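One structure is given here, and the rest of the page talks about it.
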Amino acid sequence: MAESRSASSPRRPMAVDGGDHDAALANSRVLTRKEVLRRRLRRVKQLGRFYRAHYWALMEELKSKYRDYCWTYGKSPFKEDHDSDNENPNGVVSGVGGDDIVRCRFGGCKTKAMALTKYCHAHILSDSKQKLYQGCRAVAKNLPTGPLFCNKPVLRSMVPPACPTHHQFGERCLARALRRAGLGNTIPTNRKPTVKLHVIASEFVHQIQKKRKLALKETAPKVETE
């Protein structure tokens, strides 16, 4: 009830600059030209400030609505930003109320496309024009023809370029390696290793040397005995 009363209550009138001075001259029968011009100038300046504040408030609201529309429907709300054709080559599907939702252009995918693109997050790498994502470089399986990478889309700013699943897997492998090195006490209860850089570098060097030794054993010529 209190909310309905506050919503229905009228807004307070706008306070005019110099209202006290105008109230003092309200009973005057005649005003000088200087007083009239001064009062008009003061009110015009105040009105200009209100118009500018209202204009920029509307611009911020427009930006917010434009961002929400692009995020919801994956396309610009302005007709000039995209070609209008009847064949709907971009996978546009008419929604409720006449709104259009862009579906992913990947074959067989019905997921809504991401904002300002024609593909969903799972198939964003199919877009040759995008520059924000790259494939996960974690090895998912070793095949005779070579390693098979995960290739799930991750942001290019991610270091290392790994999806959340392989990133957590890498943290667990690092924790096990530190425990084998006798540094298990450096791992806190939240299972996030916070060791110093020289400890991690030493473990990486050890892993690299181990891989090199295994590679040398595989490439070394075998001595045949009679």
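Keep in mind that this is a model prediction, so the values were computed, not measured.
The two residues P147 and V139 make their nearest non-hydrogen contact at CB-CG1, 3.9 Å. Considering all non-hydrogen atoms of both residues, C163 and C136 come closest at N-SG, 3.3 Å. The nearest pair of heavy atoms linking C104 to C120 is SG-N, 3.4 Å.
Using cut-offs of 30° and 60° for the angle between ring planes, the F106 and H123 rings count as parallel.
Sorted pairs that involve residues 138-158 and meet side chain to side chain donor-acceptor pair (under 3.5 Å), not counting sequence neighbours, are lacking altogether.
Connection of L155 to M114 is established within a shared hydrophobic cluster, with ILVMFWY side chains joined at heavy-atom distances below 4.5 Å, either directly or through further cluster members. Using a 4.5 Å cut-off between side-chain heavy atoms of Ile, Leu, Val, Met, Phe, Trp and Tyr, with links allowed through other members, L132 and I124 fall into the same hydrophobic cluster.
Rounded to the nearest 0.5 Å, atoms CG (L216) and NZ (K213) are 10.0 Å apart. Residue R176 holds its CZ atom at 7.0 Å from CZ of R172, rounded to the nearest 0.5 Å. Note that OG of S128 and NZ of K131 are 8.0 Å apart. Values are rounded to the nearest 0.5 Å. To the nearest 0.5 Å, atom CD of residue Q168 and atom NE2 of residue H166 are 11.0 Å apart. Between the CZ atom of R137 and the CE atom of M158 there is a distance of 15.0 Å, given to the nearest 0.5 Å. Of the inter-residue distances, the one linking E60 atom CD with Y55 atom OH reads 10.5 Å to the nearest 0.5 angstrom.
Screening R52, H54, Q46 for a side-chain contact (heavy atoms from CB on, under 4.5 Å) with F50, the sole residue that qualifies is Q46.
V154 places a side-chain heavy atom less than 4.5 Å from the side chain of Q134.
Atom CZ of F149 has more than 12 heavy atoms from other residues, nucleotides or ligands within 6.0 Å.
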Pairs of donor and acceptor atoms involving the side chains of residues 29-41, under 3.5 Å and at least two apart or interchain, shall be tabulated with distances.
unit_1: T32; atom_1: OG1; unit_2: E35; atom_2: N; d: 3.2
unit_1: E35; atom_1: OE1; unit_2: H21; atom_2: NE2; d: 3.4

